[in-house]
Amino acid sequence: MPLPQRVGQDLKVADIHTWQWVEATARELFQRAVYQEIRTPTFEQTALFERGIGEATDVVGKEMYTFLDKGDRSCTLRPEGTAGVVRAYIQHSLQAQGGVQRLWYCGPMFRYERPQKGRQRQFHQIGVEVLGSADPRADVEVILLATDLLQRLGLKNLTFNLNSVGDRDDRQRYREALVNYLTPFKADLDADSQDRLSRNPLRILDSKDEKTQAIAADAPSILDYLGENSKRHFDRVLAQLSDLGIDFVLNPRLVRGLDYYTHTAFEIQSSDLGAQATVCGGGRYDGLVQELGGPVTPAVGWAIGLERLTLLLSQLQTVSAPSPDLYVVSRGEAAEANALKLAQALRQQGISVDLDLSGSAFGKQFKRADRSGAAACLILGDDEAAQGTVQIKWLQSGEQTSLTQADLLADIESLRQKL
RNA sequence: GCGGGUGUAGCCAAGUGGUUAAGGCAGUGGAUUGUGACUCCACCAGUCGCGGGUUCAAAUCCCGUCAUUCGCCCCA
């Protein structure tokens, strides 16, 4: 009996081609913009996430998979990718390699939450990080990578929400103003928001409760509390995005759940995902590297959730398995051995060959050849094996010819052209 | 962590207290002992998620549990 598990989903053959397509498309875009792949461990010391993401956040407070190893060190399965990348950046002194580091990563992340559609305990993110640049163009470059990727995959019904959460001082001043505004309405807020008033008031802004939303609608905007630097930075980001024709919604109520964000913050949401609408989330995090013990290093990045992305893609189209070039049918001991050798020789020439191992009647093997989608079928029976020949049957036209195996292998190019 | 829905074969499913739990797709074998898409026949596969309870009798009702799904929370 299969053991039940609620960690994540098994990727079955039917889905895997979609994932491979997404990953290949992303990789190509990253290479064009000269981003280097980085792979970090799937678990780290717990303190890394506590300090990086913030002790007060839900991710750290209640969603981490934390365990003690045999040396009684507290370890945690990574709930997101940025902290580990920044740790590696510091540990290997990547800043010493000069200038800007452009990195991308892809892999499993873990959060202990109630699973639902578009949200599982083990999920996968693909993300980018640019470390060492405070230039607004870095923000824009990173955003372009995300929008380009989603567009090339053909996704529709996306909304790109953009905001600036300022720097630490801006946020402190805004937080006070917000609390001052909300406190008189405290009794009318939903229970969660009343709780958040002291703990994390910014989160009240994107509450889904109707009454809370009505109150939040007239709340002061963080954009009015940005200092000179923050404002200049954000204005440039906005101007360049407009210049590049990127559609966005300026959403002053957008708040991100991780503490490290500064200045630019954004989320790309889909209307086709139900409650788990966010496909891509990111922003600038100028204080994180220093917070984790590195030099002062401005940085910006994002992550895309692959389960959500592929869920959207599966609503649009199915990416099917590639068909083999050839399907080999054979019958009889000598012919079957011959078929294996012929398949191997063809595969070594770069031809994809599906070899029927069933030993069943030719009729059945042809049926499978047909379903495989192969362009042609190679037929080996006792006669062919004895004579060193092979029949090739083109499955669309039904045309069938005989030739020697030596000739077939000697002129792979003409075969390849007919496939 | 909280609230609601669902769980019958690899997949889609009928069945709502009463013999051996329909059907379709897929799969296997055959009609066709060396030639595919159509057709026909046969076969295959089910601890009715799991555990307990009620009952003469449970896939069906009740409780628990696990999974899944829709929301809340939160986020990718």
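Computed over heavy atoms, backbone and side chain alike; hydrogens, waters and symmetry mates excluded. Naming: A, B, ... by sequence-line order, numbering from 1 per chain.
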Between A:Tyr89 and A:Glu129, is any side-chain donor less than 3.5 angstrom from a side-chain acceptor?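 There is no such pair between these side chains.
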Does any N or O donor sit under 3.5 Å from an N or O acceptor when you compare the side chain of A:Arg308 with the base of B:C75?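 By the distance-only test, yes, there is a pair.
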Looking at B:G36, does its base get a donor-acceptor pair with the side chain of A:Lys393 below 3.5 Å?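 Such a pair exists between side chain and base.
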Any strand counts, and the cut-off is 3.5 Å on both contacts for Watson-Crick or G-U wobble. Which nucleotide pairs with [N]?
{"N": "B:U28", "value": "B:A42"}
{"N": "B:U47", "value": "none"}
{"N": "B:A59", "value": "none"}
{"N": "B:C73", "value": "none"}
{"N": "B:A22", "value": "none"}

Using whole Å, report how far [atom1] of [X] lies from [atom2] of [N].
{"X": "A:Arg119", "N": "B:U69", "atom1": "CZ", "atom2": "P", "value": "11 Å"}
{"X": "A:Glu113", "N": "B:C72", "atom1": "CD", "atom2": "C1'", "value": "12 Å"}
{"X": "A:Glu80", "N": "B:C75", "atom1": "CD", "atom2": "P", "value": "12 Å"}
{"X": "A:Asp206", "N": "B:C72", "atom1": "CG", "atom2": "P", "value": "12 Å"}
{"X": "A:Asp356", "N": "B:U35", "atom1": "CG", "atom2": "C1'", "value": "13 Å"}
{"X": "A:Tyr65", "N": "B:G1", "atom1": "OH", "atom2": "P", "value": "10 Å"}
{"X": "A:Leu189", "N": "B:C72", "atom1": "CG", "atom2": "P", "value": "18 Å"}
{"X": "A:Leu311", "N": "B:C70", "atom1": "CG", "atom2": "C1'", "value": "14 Å"}

Base, sugar-phosphate, or nothing: which does [X] touch, judged by heavy atoms less than 4.0 Å apart?
{"X": "A:Ile126", "answer": "nothing"}
{"X": "A:Arg111", "answer": "base"}
{"X": "A:Tyr327", "answer": "nothing"}
{"X": "A:Arg371", "answer": "sugar-phosphate"}
{"X": "A:Gln400", "answer": "base"}

Considering only side-chain heavy atoms of A:Gln116, which listed nucleotide, B:G36, B:U33, B:C72, is closest?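 The closest nucleotide is B:C72.
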Proximal nucleotide (of B:C73, B:C70, B:G34) relative to the A:Ile379 side chain: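 Closest of the options to the side chain of A:Ile379: B:G34.
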Using a strict heavy-atom distance below 4.0 Å, which residues from [range] are in contact with RNA chain B?
{"range": "residues 358-367 of chain A", "result": "A:Ser360, A:Phe362, A:Gly363, A:Lys364, A:Phe366, A:Lys367"}
{"range": "residues 260-282 of chain A", "result": "A:Gly274, A:Ala275, A:Gln276, A:Thr278, A:Val279, A:Cys280, A:Gly281"}
{"range": "residues 41-60 of chain A", "result": "A:Asp58"}
{"range": "residues 142-167 of chain A", "result": "none"}

Rounding to the closest angstrom, what is the interatomic distance between [N] and [M] at atom [atom1]?
{"N": "B:G5", "M": "B:G64", "atom1": "P", "answer": "12 Å"}
{"N": "B:A58", "M": "B:C63", "atom1": "C1'", "answer": "15 Å"}
{"N": "B:C12", "M": "B:G53", "atom1": "C1'", "answer": "33 Å"}
{"N": "B:A14", "M": "B:G24", "atom1": "P", "answer": "15 Å"}
{"N": "B:C56", "M": "B:U65", "atom1": "C1'", "answer": "29 Å"}
{"N": "B:U54", "M": "B:G46", "atom1": "C1'", "answer": "25 Å"}
{"N": "B:U8", "M": "B:C50", "atom1": "C1'", "answer": "14 Å"}
{"N": "B:G49", "M": "B:A59", "atom1": "C1'", "answer": "12 Å"}

State which residue, out of A:Asp167, A:Asp139, A:Asp135, fulfils the salt bridge (Lys or Arg N to Asp or Glu O under 4.0 Å) condition with A:Arg284.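 Testing A:Arg284 for a salt bridge (Lys or Arg N to Asp or Glu O under 4.0 Å) against A:Asp167, A:Asp139, A:Asp135 leaves exactly one candidate, A:Asp139.
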List the residues meeting side-chain hydrogen bond (donor to acceptor under 3.5 Å, both in side chains) with A:Asp382, not counting sequence neighbours, and say none if there are none.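 If we apply the side-chain hydrogen bond (donor to acceptor under 3.5 Å, both in side chains) test to A:Asp382, skipping adjacent residues, there are no hits.
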Can you name the residues that form a side-chain hydrogen bond (donor to acceptor under 3.5 Å, both in side chains) with A:Thr46, not counting sequence neighbours?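 A:Thr46 satisfies side-chain hydrogen bond (donor to acceptor under 3.5 Å, both in side chains) with A:Ser74, A:Thr76 only.
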Non-neighbouring partners of [X] that pass ring-ring contact (aromatic ring centres under 6.0 Å, His included), sequence neighbours left out:
{"X": "A:Phe248", "value": "none"}
{"X": "A:Phe160", "value": "A:Phe266"}
{"X": "A:Phe30", "value": "A:Trp104"}
{"X": "A:Phe234", "value": "none"}

Measure from the side-chain N and O atoms of A:Gln194 to the backbone N and O of A:Leu189, and report whether any donor-acceptor pair falls under 3.5 Å.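 Yes; judged by distance alone, with no hydrogens or angles, the pair exists.
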When you check the gap from the basic side-chain N to the acidic O, do A:Asp195 and A:Arg199 get nearer than 4.0 Å?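 A salt bridge links A:Asp195 with A:Arg199.
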Not counting sequence neighbours, list each pair that qualifies as a salt bridge (charged side-chain N to carboxylate O under 4.0 Å, His left out) and has a residue in residues 334-362 of chain A.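 Residue pairs with at least one partner in residues 334-362 of chain A: A:Asp356-A:Arg368.
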Criterion side-chain contact (heavy atoms from CB on, under 4.5 Å) against A:Leu306, the qualifying member of A:Met109, A:His124, A:Gln125: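 For A:Leu306, the side-chain contact (heavy atoms from CB on, under 4.5 Å) check succeeds only for A:His124.
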Nearest 0.5 Å please: distance from the CG atom of A:Leu155 over to the CZ atom of A:Arg308.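 Reported value, rounded in 0.5 Å steps: 14.0 Å.
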Value rounded to 0.5 Å, distance of CD in A:Glu267 from CG in A:Asn163: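 Interatomic distance, A:Glu267 CD to A:Asn163 CG, rounded to 0.5 Å: 10.0 Å.
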Decide side-chain contact (heavy atoms from CB on, under 4.5 Å) for A:Val165 and A:Thr264; before the verdict, give the C-alpha distance in whole Å, the side-chain angles of both, and the deciding distance to 0.1 Å. CA-CA 6 Å; A:Val165 295; A:Thr264 314; over 6 Å; no
N/O-N/O pairs, protein side and nucleotides 2-7 of chain B side, under 3.5 Å:
unit_1	atom_1	unit_2	atom_2	d
B:C2	N4	A:Arg114	NH1	2.8

Does A:Lys393 make a cation-pi contact with A:Phe366, if we ask for NZ or CZ under 6.0 Å from the ring centre and within 45° of the axis?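 Judged by the rule (NZ or CZ under 6.0 Å from the ring centre, within 45° of its axis), A:Lys393 counts as positioned above A:Phe366.
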Can you classify the ring geometry of A:Tyr65 versus A:Tyr112 as parallel (below 30°), tilted (30 to 60°) or perpendicular (above 60°)?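 Perpendicular, since the angle between the ring planes exceeds 60°.
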A:Gln101 vs A:Gln36 side-chain heavy atoms within contact, under 4.5 Å: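 Counting from C-beta outward, A:Gln101 and A:Gln36 never come under 4.5 Å.
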Do you know the tightest heavy-atom contact between A:Ile38 and A:Tyr105?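 A:Ile38 and A:Tyr105 have their closest heavy atoms at O-CB, 3.5 Å.
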